[in-house]
Amino acid sequence: MTDSKYFTTTKKGEIFELKSELQSEKREKKKEAVKKVIASMTVGKDVSALFPDVVNCIQTDNLELKKLVYLYLMNYAKSQPDMAILAVNTFVKDCEDSNPLIRALAVRTMGCIRVDKIIDYLCQPLRNCLKDEDPYVRKTAAVCVAKLYDINAQLVEDQGFLDLLRDMLSDSNPMVVANAVAAISEILESSPTAQQVLEMNASTINKLLTALNECTEWGQVFILDAISNYTPKDDKEAQSICERVTPRLAHANAAVVLSAVKVIMKFMEMLDGTSEYVLTLVKKLAPPLVTLLSAEAEIQYVALRNINLIVQKRSDILKNEMKVFFVKYNDPIYVKLEKLDIMIRLTSQANIAQVLAELKEYSTEVDVDFVRKSVRAIGRCAIKVEPAAEKCVSTLLDLIQTKVNYVVQEAIVVIKDIFRKYPNKYESIIATLCENLDTLDEPEARASMIWIIGEYAERIDNADELLESFLEGFQDENSQVQLQLLTAIVKLFLKRPTDTQELVQQVLSLATQDSDNPDLRDRGYIYWRLLSTDPAAAKEVVLAEKPLISEETDLIEPTLLDELICHISSLASVYHKPPNSFVEGRQGGLRRALPPKSSSGNLAEQETQAVVENMGAPAAPQSTVIPGVDSLIGDLLDMDLGGPSMAQQQQMFGGPSQTPVQTSGAMDLLGEGLDSLLGGPAPAGDGGLGGLGDIFGMSQSQSYVPPQEVWIPAAKGKGLEVTGTFIRKNKQIIMDLTFSNKAMQPMAGFAIQFNKNSFGLIPANPLQVQSPLPPNQSASTSLVLNTTGPIQKMEPLTSLQVAVKNNIDVFYFSSNVPIHVFFTEDGEMEKRVFLATWKDIPAQNEVQYTISNVEHNADTVSAKLRNNNIFTVAKRNVEGQDMLYQSLKLTNGIWVLAELKIQPPNTNFVLSLKVRAMDVYPSIQKAYDTILHN
């Protein structure tokens, strides 16, 4: 009979019966009783009352009974810590048993019993097991170190277990090496402080690669993941590692294949992209990825999500494998949609005919969601491959002729984008689109059709009648349609003012007086004010030339893509999000990045040299990405309300404007005209914004700006003096610089370069300085910085090493960037999250500082700090003492929590800080001190 019988009994008085059976002298009866206890525990019954009786059964030679008792112990030790101590002697004894299975069982159970009281007793048995002669015991003990580190990290470090774990990487048994690697990876993820002890080097990596060939498949995954976190010292080492990892691409296990792909994708970044070896690697990567698509649907989906990232990084890998991404009739919908996305990414002029025929076929499927995506895909092909646009439009027209409602609607949505991409090219099809007006019932399709009518109103004779037909049910329309209808009718009025005056008054009245939607009302008031005061300005705003839509609107942002490539074969690569966005308690500072490009030689030396050599090199042009179909509301708002930029204005008027720009005009849109509509004058002191400055993000407050300091004195700069400071403004870090020429000759050819630093700070654009700069003159400039550069921990943390070049020489200086410029605008935590995070950070991480002579109360302190992106999450008063609980977030994702105690009239404040990355404490304390005293 099977063990299922133990789960069927529900007798009353069962606990008492089990108690007597557990005390039986007969071994078999005792074993049966323990099985019943485990069965009851498994189905959720509370059998903790039997703890002493079950523990008494632990002293037995029967391995099965011992396993059952250990299982019970793991479950109830936390709720009965005092009783669990009774089992300690047995653990110690079992760790010295002659049977390696019992020794391993004892050490595994020790790691799973999370009770502080018994941890000290387990150190010596664990140390013995780490040096055990049997590899099965050693590999079990390695995992136990990681579990013990999670309970008491300090104890593990003090007892030297980390050193023992590192030594196990040289073990002769490959499974011991694999488990040691797994344990080390686990420890490093939870604690960056262990990095110094467990840091990988070339010798360690060589040992791991040797063990790779003999490991089980999961051991190989652990080792490959550890190798992927290592940064080779040069391209030769990177190539050597790739050569030894490449055979793993032929493994039968999908996880091993993807882990090998991750290592190769990461290290290929260091190699010369044009070399023969890289081209060979690219060819070798395609077959294993294609093979993954013949597995079951779930594995296919994971593979496709990873392939999506790989294709965005290196589309040449799968450029000849389009056919494997063609959809099969029995694919689940989630696989179909993912294949469709990859097909579009791989589409080129060479294969567009093949892709288009396939997409047209998909558009006649029965699955509505899939058909919609297929129709949109045809539109994306038109935007991506210009020579095929005409064929794509023709295909879409054929689909419209089918008169299938949802196909027609999707076609109209994508045709709107094609009009944006290719203006004045395909407008002849508008008549066909207008024929299907009555069938449109989805907000997105209706909004797209309205945009087309408004945009091309001068070509559509009955545009006013068509728009009026939409206006009849204005109040019942979706807000997206209402916004677009308002804009379209204003466009029509500006193009044909004589016969549409009544129509525009009607829509403005509906938008401003009868609507509860604040977005619609605001837009209505702006248009009303524009049309009533300055129709010419209204024309410039509403009929401004639209930027061309981008060919790829859904590409992942490059720095995020690089990070996700480092997480191939993990959940992050399936979600397409970094781990710290969905794993609670994940260290923000452990952001992974691809290694820098390298030619032969040491990377550190190359980077130092590059500071001088690369100066003055122009930044690569960046393509502007316009919101696509998937963010239509944002797109509709942007394309009609965003007036032309200064560059566009100059282009439109054939050069820089000769007349002074009336800066108050834009702000006056909401001035007295709006006030008269609302029935009252604007309150004073709002800078002419009618009290709405805050709505438009025009903050009245200002963050602390440090005074300029001399970075290069004229004596050291051969006549060049450089002064400057750092500020945070409009969510950007800005370096304000003043160059003074105190020499006797003009200076030119200015450029700037940063060395690696703690926050990855680099210039976002080349340096723009008046050139040439005549003698005895100064020029000021503001250099926008971003934090996507290479990272290297500096001492102090905010130190920045800079090289400035001109036609005379290259000059070097070092400056400390005030850390408050790295505080981001999204650093305000929810109260619940703040509380949970405060508890989660160990108490030993908390530090206290006293800030003296602060002449502010709690409210002004809170406002002052908020201006610098230190947010007050909660405030309470305890016996006359104000307690402010605050959060801030650094640009590298590190969160800092603070408690500020203010006891009026005492001017000394007590600041308590809690953060996982403790290196930031001195800088944060200095930031508080500086902000509160300025």
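We use all heavy atoms of the structure for the numbers below, so side chains are in, but hydrogens, waters and symmetry mates are not. Numbers here simply count residues along the sequence, with the first being 1.
- At least one side-chain heavy atom of N462 sits less than 4.5 Å from a side-chain heavy atom of I460.
- Using a 3.5 Å distance cut-off with no hydrogens or angles, the side chains of K403 and N436 do pair a donor with an acceptor.
- Using a 3.5 Å distance cut-off with no hydrogens or angles, the side chains of E442 and N478 do not pair a donor with an acceptor.
- Distance alone, capped at 3.5 Å, is enough to place a donor-acceptor pair between the Y426 side chain and the E390 backbone.
- Without hydrogens or angle criteria, N730 side chain to Q732 main chain gives no donor-acceptor distance under 3.5 Å.
- Judged purely by distance below 3.5 Å, without hydrogens or angles, the side chains of Y575 and S581 never pair a donor atom with an acceptor atom.
- Using a 3.5 Å distance cut-off with no hydrogens or angles, the side chains of Y362 and E358 do pair a donor with an acceptor.
- No side-chain donor-acceptor contact under 3.5 Å links D235 and Q239.
- In this structure, the separation between CG on L285 and CG on L318 is 8.5 Å, given to the nearest 0.5 Å.
- Put simply, CG on L224 and OG on S569 are 8.5 Å apart, with the number rounded to the nearest 0.5 Å.
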Task: Chi angles and distances behind the side-chain contact (heavy atoms from CB on, under 4.5 Å) call for V311, I317 - done: CA-CA 7 Å; V311 165; I317 291 175; over 6 Å; no
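- A donor-acceptor pair under 3.5 Å is formed between the side chain of Q312 and the backbone N or O of I556.
- The shortest distance between side-chain heavy atoms of F326 and K339 does not fall below 4.5 Å.
- Proximity of a side-chain donor or acceptor of Q484 to a complementary backbone N or O of I450 within less than 3.5 Å is not detected.
- With K384 contributing its side chain and I344 its backbone, the two residues share a donor-acceptor pair below 3.5 Å.
- Heavy-atom minimum distance, A389 versus A382: CB-O, 3.8 Å.
- Salt-bridge check for K373 with D341: failed, with every basic side-chain N at 4.0 Å or more from each acidic carboxylate O.
- S315 and L346 get closest at one heavy-atom pair: O-CD2, 3.9 Å.
- Side-chain polar atoms of E365 and S363 form no donor-acceptor pair below 3.5 angstrom.
- F419 places a side-chain heavy atom less than 4.5 Å from the side chain of I430.
- Between C381 and V355, some side-chain heavy-atom pair lies under the 4.5 Å cut-off.
- Across all non-hydrogen atoms, the minimal contact from F325 to M343 is O-SD, 3.5 Å.
- Stacking of K425 on the aromatic ring of Y422 is recorded, both the 6.0 Å distance cut-off and the 45° axial limit being met.
- Side-chain polar atoms of S573 and N306 form a donor-acceptor pair below 3.5 angstrom.
- Using a 4.0 Å cut-off between charged side-chain N and carboxylate O, D369 and K336 make no salt bridge.
- Checked by atom type and distance alone, the side chain of H576 pairs as donor or acceptor with a backbone atom of R305 at under 3.5 Å.
- Around the NZ atom of K495, the shell of radius 6.0 Å holds more than 12 heavy atoms that belong to other residues, nucleotides or ligands.
- Taking the charged nitrogens against the carboxylate oxygens, R314 and E269 do have a contact shorter than 4.0 Å, which makes a salt bridge.
- Contact check for I489 versus T500: no side-chain heavy atoms found under the 4.5 Å cut-off.
- Between R446 and D441, no side-chain nitrogen of the basic residue sits less than 4.0 Å from a carboxylate oxygen of the acidic one, so the salt-bridge criterion is not met.
- Pairing each heavy atom of A238 with each of M270, the nearest pair is CB-SD, 4.1 Å.
- Residue E361 places its CD atom among 12 or fewer non-hydrogen atoms of other residues, nucleotides or ligands, all under 6.0 Å distant.
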Task: Verdict with reasoning, T347 to L356, per side-chain contact (heavy atoms from CB on, under 4.5 Å) - done: CA-CA 10 Å; T347 300; L356 212 50; over 6 Å; no
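- Going from atom CD1 of I453 over to atom CG of L492 covers 10.0 Å, rounded to the nearest 0.5 Å.
- Once rounded to the nearest 0.5 Å, the distance linking CG of L292 with CD1 of I299 reads 8.0 Å.
- To the nearest 0.5 Å, the span separating CG on L761 from CG on N786 amounts to 8.0 Å.
- R523 and T487 are linked by a side-chain donor-acceptor pair at a separation below 3.5 angstrom, with hydrogens and angles left out of the test.
- Remark: side-chain polar atoms of N405 are paired, donor with acceptor, to backbone N or O of T439 under 3.5 angstrom.
- Remark: Q354 CD is packed, more than 12 non-hydrogen atoms of other residues, nucleotides or ligands lying under 6.0 Å away.
- With hydrogens and angles ignored, the 3.5 Å screen pairs no side-chain donor or acceptor of E321 with any backbone N or O of V324.
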- [ ] Check the pair K313 / D562 against salt bridge (charged side-chain N to carboxylate O under 4.0 Å, His left out), numbers first and verdict last.
- [x] CA-CA 8 Å; K313 188 69 185 170; D562 287 353; 2.7 Å; yes
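- Within 6.0 Å of the NZ atom in K391, the count of heavy atoms belonging to other residues, nucleotides or ligands does not exceed 12.
- For the pair L564 and P578, the tightest heavy-atom approach, listed with the atom from each and the gap, is CD2-N, 4.0 Å.
- Under the 4.5 Å side-chain criterion, counting only non-hydrogen atoms from C-beta, T432 is in contact with Q401.
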Open item on the list: Run I415 and I400 through side-chain contact (heavy atoms from CB on, under 4.5 Å) and show every step you take.
Closed with: CA-CA 11 Å; I415 285 171; I400 287 173; 3.8 Å; yes
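- A heavy-atom distance below 4.5 Å is found between the side chains of I227 and I241.
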- [ ] Could you walk me through whether I412 and Q409 pass side-chain contact (heavy atoms from CB on, under 4.5 Å), step by step?
- [x] CA-CA 5 Å; I412 285 173; Q409 306 206 67; 5.9 Å; no
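- A salt bridge links K491 to E455: one of the charged nitrogens lies within less than 4.0 Å of a carboxylate oxygen.
- Side chain of S228 to backbone of D225: a donor-acceptor contact under 3.5 angstrom is found.
- Taking 4.5 Å as the limit, some side-chain heavy atom of I342 sits within range of a side-chain heavy atom of I307.
- Within a 6.0 Å sphere centred on CD of E276, other residues, nucleotides and ligands contribute 12 heavy atoms or fewer.
- Here L399 contributes atom CG and S394 contributes atom OG; the two are 9.5 Å apart, rounded to the nearest 0.5 Å.
- Taking all atoms of both residues into account, the shortest heavy-atom contact from A411 to V375 is N-CG1, 3.6 Å.
- Using a 3.5 Å distance cut-off with no hydrogens or angles, the side chains of N517 and Q482 do not pair a donor with an acceptor.
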